[in-house]
Number of protein chains: 2
Amino acid sequence: MERTYKTQMEAAKMGIVTPEMKIVAQKEYRTEEEIREWVAKGQVAICANKNHKCLNPEGVGSMLRTKINVNLGVSRDCKDYNVEMKKVQGDTMPFRRKLTSECPAMIGTVPVYDAVIHYQRDLATLSARDLIDVVRLHAEDGVDFVTLHCGITRHTIDQIKKHKRKMNIVSRGGSLIFAWMCMTGNENPFYEYYDEILDICREYDVTISLGDACRPGCLADAGDVCQIEELVKLGELTKRAWEKDVQVMVEGPGHMPMDQIEANMKIQQSICMGAPFYVLGPLVTDIAPGYDHITSAIGGAIAAASGAAFLCYVTPAEHLALPNVDDVKQGIIASKIAAHAADIAKKIPHAMDRDNAMGDARRTFRWDDQWAVSIDPETAKAIRDSRAPEHDDTCSMCGKFCAVRSMNKALEGEYIDIL
Amino acid sequence: MERTYKTQMEAAKMGIVTPEMKIVAQKEYRTEEEIREWVAKGQVAICANKNHKCLNPEGVGSMLRTKINVNLGVSRDCKDYNVEMKKVQGDTMPFRRKLTSECPAMIGTVPVYDAVIHYQRDLATLSARDLIDVVRLHAEDGVDFVTLHCGITRHTIDQIKKHKRKMNIVSRGGSLIFAWMCMTGNENPFYEYYDEILDICREYDVTISLGDACRPGCLADAGDVCQIEELVKLGELTKRAWEKDVQVMVEGPGHMPMDQIEANMKIQQSICMGAPFYVLGPLVTDIAPGYDHITSAIGGAIAAASGAAFLCYVTPAEHLALPNVDDVKQGIIASKIAAHAADIAKKIPHAMDRDNAMGDARRTFRWDDQWAVSIDPETAKAIRDSRAPEHDDTCSMCGKFCAVRSMNKALEGEYIDIL
């Protein structure tokens with residue numbers, strides 16, 4: 001059956017509950033009507049390219065479970081990296097098509113990264129047309145959301161020079177657009193030809209993730225005029241996208257002191273009219289290279305609890321090297337913890353079910369039931385098994401001093417042996 | 001020269017600036033008079049037993065740099081553990097005395113843990129007198145602060161039975177006192193003979209860390225009547241201690257949803273009249289065994305930013321096994337990150353200096369200067385070196401796509417080669 005609508009947002013505005021909305025409603029313990037209404041208003045994005053046939057759809061919005069993003073890719077310096085290389089083989093197209101034909105998770109790309117690789121020509125030689133054509137290519141390939149740094153303009157060049165940030169621009173895509181503008185003298189094509197981009201995205205139902213070129217790259221740059229001016233521009237671009245029924249997410253934070261995070265989330269919600277906020281980190285200190293999955297988990301949990309809908313994971317290798325498989329795992333788990341902690345704080349329906357099951361399993365020393373509800377059962381079990389206790393009703397941390405054991409005995413009126 | 005005062009608090013009330021206050025003032029970029037006034041009011045504790053001669057004193061208070069605590073000890077199940085055993089050798093006294101004669105950090109103990117080991121008799125056979133004598137022994141040995149679970153009473157037995165918490169009591173010391181009360185039928189000696197304990201602590205200037213027996217052991221138990229009723233009792237006991245010039249810290253949280261943390265910190269500040277709050281975690285989810293240093297870093301950062309003064313570290317082995325050396329390292333670093341992030345949020349003087357230096361070093365690719373201000377330089381350097389890049393002005397994460405490199409070139413008007 002041919003779809004009578006172009007995008008999830010258009011359907012929602014027409015009063016249609018799409019199959020994707022039904023699935024999201026079920027996953028989120030919400031009514032289909034709630035989901036439809038939020039999609040119509042742009043407060044929930046269901047990133048679902050019509051060409052991504054195997055997609056298991058998810059909704060992204062502050063009232064739904066917080067979602068996390070994982071980055072994949074290659075770097076010239078790590079071309080021997082088996083895992084990443086197996087996936088990409090030097091060209092991005094086969095990898096992208098394989099993902100959208102086999103991977104049920106929603107897929108996002110940053111087309112400007114790919115332009116240089118796709119054309120095998122250096123940045124300065126690419127035309128505005130070349131850059132827009134890459135967006136179309138990704139849309140045709142079934143990508144669910146594209147990060148486009150539409151919010152910086154030639155005016156940003158003056159702003160960055162004038163305000164002397166400590167870290168200038170640390171967004172990779174943003175820096176490429178900035179450099180392209182500097183080298184060619186032209187306006188940012190993703191801003192100048194935004195209407196054409198909207199037409200492409202409408203055609204395939206690609207969600208635009210409005211990139212934040214000016215996200216702060218250190219605590220000192222957080223919340224400055226460069227960041228907030230771009231956010232205002234992203235609010236305008238959000239409105240223009242919604243007028244064409246194109247779904248939008250807005251990208252944000254980076255490095256930011258804890259006390260600024262909540263205010264940032266609230267300002268984004270008002271300026272961008274509730275469009276889902278997709279944040280990197282935030283990293284709450286600059287001095288913990290090797291542990292930025294932790295600095296990000298702190299910031300991400302606060303951000304999500306204050307309204308962010310989507311967390312971009314950060315690995316322990318951030319600022320240092322291309323992450324290896326273990327770094328990726330550590331980054332994913334830290335992000336999952338942050339997202340889950342925020343869901344509990346936001347009182348997302350059923351968010352605390354597993355925590356409650358864990359409490360019951362701990363009180364009764366049902367170790368297998370503890371693993372069953374753990375975020376990473378293998379690691380938890382391995383730690384316990386590596387230093388197994390004398391008695392099954394304790395662990396080797398406290399031995400017979402175990403508080404849970406003492407309390408279980410005390411409440412049963414039993415004698416408590418400790419020596 | 002003989003001291004004319006018994007405790008730091010007494011001195012402060014008399015208008016005396018002690019040598020310890022001078023050192024704390026210098027470390028914290030505060031005036032001596034500010035420190036003296038806070039100590040007089042009980043809002044800063046300088047835990048400094050007069051017998052701990054080699055102490056390098058620190059102040060604990062919400063307006064000072066957040067401090068972190070590290071736990072050491074043995075467990076029967078891990079008696080082969082070289083590192084811990086080397087320190088303790090099966091008896092706690094030599095370890096304790098070695099620490100207070102050689103270790104410049106402030107030392108805290110939980111005397112009730114030690115009672116069973118010290119007397120080599122099981123819990124039910126110990127008298128109230130035995131338990132109080134252990135406190136005196138620790139005071140004589142130079143311990144700077146003792147955790148005493150003074151806030152639970154026989155009434156708590158009824159409360160715990162009536163309110164059917166999921167995890168009952170998970171405080172180890174608290175559970176021992178609870179079990180002792182159940183087995184002997186007596187009142188909690190640390191409550192019943194509190195005045196005698198105050199006299200001991202006054203004599204040596206031992207700070208009492210008022211233990212929170214009823215801290216929640218899972219999210220579901222957070223903020224319940226058992227926890228808050230004990231907190232009210234701890235407020236009363238704080239007042240009684242201050243009347244005898246005995247310094248106090250109050251212990252708190254445990255497992256707690258993120259959205260309850262700030263309110264808990266504020267309530268403690270009002271009920272305990274600004275006494276320094278010493279919190280475990282808080283752990284913001286129950287389902288991440290193996291990663292509870294991260295769940296605690298999230299909660300600890302929020303707690304410290306909201307007023308907690310002292311964070312008890314949690315290791316990845318929490319709930320599973322006695323931590324090994326690497327677990328301890330991971331726990332310390334996660335706590336340091338949480339404390340530092342909170343100090344920045346609280347605008348503690350000079351808290352952001354190292355972060356600012358990091359930003360400058362990153363922008364200019366001065367890698368050695370990055371390591372110099374890192375929380376764990378070795379780990380950061382090792383990650384970079386393990387996957388070294390082609391060019392020194394990048395890392396292997398982004399290679400020539402590096403945003404910092406692109407921006408440096410763009411702002412200098414240079415051509416940016418990426419291919």
Side-chain angles (χ1 to χ4, degrees), chain A residues 75-78 116 122-123 166-170 172 175 179 182 218-220 257-259 284-290 294 297-298 301 305 317 320-322 337 340-341 344-345 354-356 358-359 373-376 379-380 383-384 387 389-390 396-397 399 401 403 406-407 410 416 418-419, chain B residues 75-78 116 122-123 166-170 172 175 179 182 218-220 257-259 284-290 294 297-298 301 305 317 320-322 337 340-341 344-345 354-356 358-359 373-376 379-380 383-384 387 389-390 396-397 399 401 403 406-407 410 416 418-419:
Chain A
S75 143
R76 260 184 80 153
D77 284 318
C78 284
V116 172
D122 229 329
L123 188 62
K166 214 178 256 300
M167 287 296 287
N168 297 312
I169 285 177
V170 296
R172 198 159 60 162
S175 72
C182 289
C218 62
L219 300 186
M258 281 174 68
D259 59 310
V284 295
T285 168
D286 301 336
I287 65 168
I294 298 179
I298 295 170
L320 298 168
L322 194 69
I337 290 170
H340 179 68
I344 291 166
R354 282 166 69 192
D355 299 77
N356 288 338
M358 178 66 88
V373 293
S374 293
I375 283 183
D376 180 3
T379 297
I383 293 174
R384 176 172 159 80
R387 287 155 260 173
E390 273 183 291
S396 61
M397 180 165 175
F401 279 85
S406 296
M407 289 302 295
I416 294 125
I418 288 177
L419 261 191
Chain B
S75 143
R76 260 183 80 152
D77 284 319
C78 284
V116 172
D122 229 329
L123 187 63
K166 212 178 259 298
M167 286 297 287
N168 297 311
I169 283 177
V170 296
R172 199 159 61 161
S175 73
C182 288
C218 61
L219 300 186
M258 281 175 66
D259 59 312
V284 295
T285 167
D286 301 336
I287 64 168
I294 297 179
I298 295 171
L320 298 169
L322 194 69
I337 290 170
H340 179 69
I344 291 165
R354 282 165 69 192
D355 299 76
N356 288 338
M358 178 65 90
V373 293
S374 293
I375 283 184
D376 181 2
T379 297
I383 293 174
R384 175 172 160 82
R387 286 155 260 172
E390 273 184 290
S396 62
M397 180 164 174
F401 279 87
S406 295
M407 289 302 296
I416 294 126
I418 289 176
L419 261 192

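Per chain, numbering begins at 1; letters A, B, ... match sequence-line order.
- In terms of non-hydrogen atom pairs under 4.5 Å with chain B, the most contact-rich of A:Met258, A:Met407, A:Met358 is A:Met407.
- The greatest number of non-hydrogen atom pairs below 4.5 Å with chain B, out of A:Ile375, A:Asp355, A:Leu219, A:Ile294, is found for A:Asp355.
- Chain A forms more heavy-atom pairs under 4.5 Å with one residue of B:Ala297, B:Ser374, B:Ala345, B:Ala179 than with any other, namely B:Ala345.
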Report task. Show your working on side-chain contact (heavy atoms from CB on, under 4.5 Å) between B:Thr285 and A:Ile337 and close with a plain yes or no. Result -> CA-CA 8 Å; B:Thr285 167; A:Ile337 290 170; 4.2 Å; yes

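- Nearest heavy-atom pair across B:Cys182 and A:Ala410 is SG-CB, 4.1 Å.
- Residue A:Pro289 comes nearest to B:Ala380 through the heavy atom pair O-CB, 3.6 Å, listed as atom of the first residue, atom of the second, then distance.
- The line from CG of A:Asn356 to NZ of B:Lys166 is 4.5 Å long, rounded to the nearest 0.5 Å.
- By number of non-hydrogen pairs under 4.5 angstrom with chain B, the leading residue of A:Pro257, A:Cys218, A:Gly290, A:Gly359 is A:Gly359.
- Counting heavy-atom pairs closer than 4.5 Å to chain A, the top-ranked of the candidates B:Ala317, B:Ala301, B:Ala288 is B:Ala301.
- Of the atoms belonging to B:Ala305, it is side-chain heavy atoms, and not backbone ones, that fall under 4.5 Å from chain A.
- Between chain A and the options B:Ile298, B:Asp259, B:Asp286, B:Ile287, the largest number of non-hydrogen pairs under 4.5 Å is found for B:Ile287.
- Taken from CG in A:Leu419 to CG in B:Leu123, the straight-line distance is 9.5 Å, to the nearest 0.5 Å.
- Across B:Ile383 and A:Ala321, no two heavy atoms sit closer than the pair O-CB, 3.8 Å.
- In terms of heavy-atom pairs under 4.5 Å with chain A, the best-connected choice from B:Ile344, B:Ile169, B:Thr379, B:Val373 is B:Ile169.
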